[in-house]
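A short write-up of the structure that comes next.
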Amino acid sequence: MNSRVLVFGSINMDLVAKVPHLPIPGETLQGHSFTTVPGGKGANQAVAAARLEVPTAIVGRVGNDQFGQELLQNLQSDRVQTDNVYIDLSTTSGVAIIAVDDNAENHIVVISGANGNVGEEDVERLTPLLPTASILLLQLEIPLSAVQKAAQAAQQAGVKVILDPAPAPTELPSELYSLVDIITPNAVEAEQLVHFAVNTPESAEKAALLLQQRGIKTAIIKLGAKGVFCATVDDSFFIPAFSVKAVDTVAAGDAFNGGLAAALSQGYSLREAVTWGAATGALSATKSGAQSSLPTRQRVEAFLQEHQPPR
Ligand code: RIB
């Protein structure tokens, strides 16, 4: 079985300010600290899978700047294969301007830079890698047309497609639903897609059913500190969240997807893989930053041993 995880997605440098509270419009606020941390939903998911010791490659773009060099070096130091990350000479690297407050709440503003130029040429770089992979991870920080073409190529190659519909779209093209095996919205994203409030296991179940009617096989709704609801064609289950002290939830959703994909690529059952995703996400919320917060396999295994897997 091919066990490689492929990611087709965004690579950003996160500019992070720790603040006492999130500023209101017009407010000037004295922050606690400032750091730059490698991020981007695609790169975060790739690093999450790689730290779980699964061979991982990313296809995407960085800009022709210092951030681009640092982002590539950082991915490589985490053993993410970057041979097919294109250095786009026409623009700068993607950045995210992030404020995280004392209650671990955040605001994120993303400036796409090179991520916004990802297109057909990048899908062509991705396609030859598909036969070496079992899973393709997609998110929505690159143009939707490229996401859709990548999903088509993966389906043709028999590779499982996991779509994180983040940032939340108001709607997805109907053809994309039938190209995706697993969709993983959080509560806000689920609400955007189904147009009703999703904040309980019951409403998550209703949302999952609607997404399945649109053509998705498996819907996994991430309810943050409440847990995860999962519905397949013939089964559904709810996994309560692991209880941890969250200091920064940036990339916790990405950590979930990396953990889920890593476990599925190694032959774990869906329920086990959702538990791995939940543990990886929970551990990420206990540390600051995006990729700086992602746990190693050793930490996830120890955490799962200490915490009876939730039932
Ligand atoms: O999901 C978290 C990520 O969203 C951050 O790393 C930031 O880059 C934005 O893309």
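As the structure lists them, so they are numbered: ligands from 1, and atoms in each ligand from 1. Note that the numbering runs from 1 along the sequence shown for the chain. Values reported hereafter were calculated over all heavy atoms of this structure, with side chains retained and with hydrogens, waters and symmetry mates removed.
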Can you tell me which residue and heavy atom of the protein come closest to atom 9 (C) of ligand 1, and the distance to 0.1 Å? Glu141 OE2, 3.3 Å
Taking only heavy atoms of Asp14, which atoms of ligand 1 are found under 4.0 Å from at least one of them? 5 (C), 6 (O), 7 (C), 8 (O)
Closest approach of any protein heavy atom to atom 3 (C) of ligand 1, naming residue and atom: Asn44 ND2, 3.7 Å
How long is the span from the NZ atom in Lys287 to the CG atom in Leu294, to the nearest 0.5 Å? 10.0 Å
Flag for Lys18-Ser288: side-chain donor and acceptor within less than 3.5 Å: yes
May I ask you to say whether Lys206 pairs ionically with Glu202, meaning some side-chain N is under 4.0 Å from a carboxylate O? no
Within a distance under 4.0 Å of any heavy atom of Ala251, pick out the atoms of ligand 1 and give their elements. 2 (C)
Is any N or O atom of Gly40, backbone or side chain, closer than 3.5 Å to an N or O atom of ligand 1? yes
For atom 4 (O) of ligand 1, which protein heavy atom lies nearest, and how many Å away is it? Lys41 NZ, 3.1 Å
Tell me, please, which residues at least two apart from Tyr268 pass ring-ring contact (aromatic ring centres under 6.0 Å, His included). Trp276
Which atoms of ligand 1 have any heavy atom of Ala290 under 4.0 Å away? 6 (O)
Closer than 3.5 angstrom, by distance alone: can the side chain of Thr56 be matched with the main-chain N or O of Val54 as a donor-acceptor pair? yes
Closer than 4.0 Å to some heavy atom of Gly39 - which atoms of ligand 1 meet that? 6 (O), 8 (O)
Output the list of atoms in ligand 1 that are nearer than 4.0 Å to some heavy atom of Ala96, sorted by atom number. 7 (C), 8 (O)
So is Gly253 close enough to ligand 1, meaning a heavy atom under 4.0 angstrom away? no
With respect to Asp254, determine whether any N or O atom, backbone or side chain, lies less than 3.5 Å from an N or O atom of ligand 1. yes
Do any pairs count as a side-chain hydrogen bond (donor to acceptor under 3.5 Å, both in side chains) and have a residue in residues 159-179, sequence neighbours left out, and if so which ones? Gln45-Asp164, Gln148-Glu175, Asp164-Thr184, Asp164-Lys222, Tyr177-Arg214
So, do Leu163 and Gln139 sit near enough that their side-chain heavy atoms are less than 4.5 Å apart? no
Pairing donors with acceptors under 3.5 angstrom, does anything connect the side chains of Arg4 and Thr132? yes
Ligand 1 contacted by Ser10 (non-hydrogen, < 4.0 Å): no
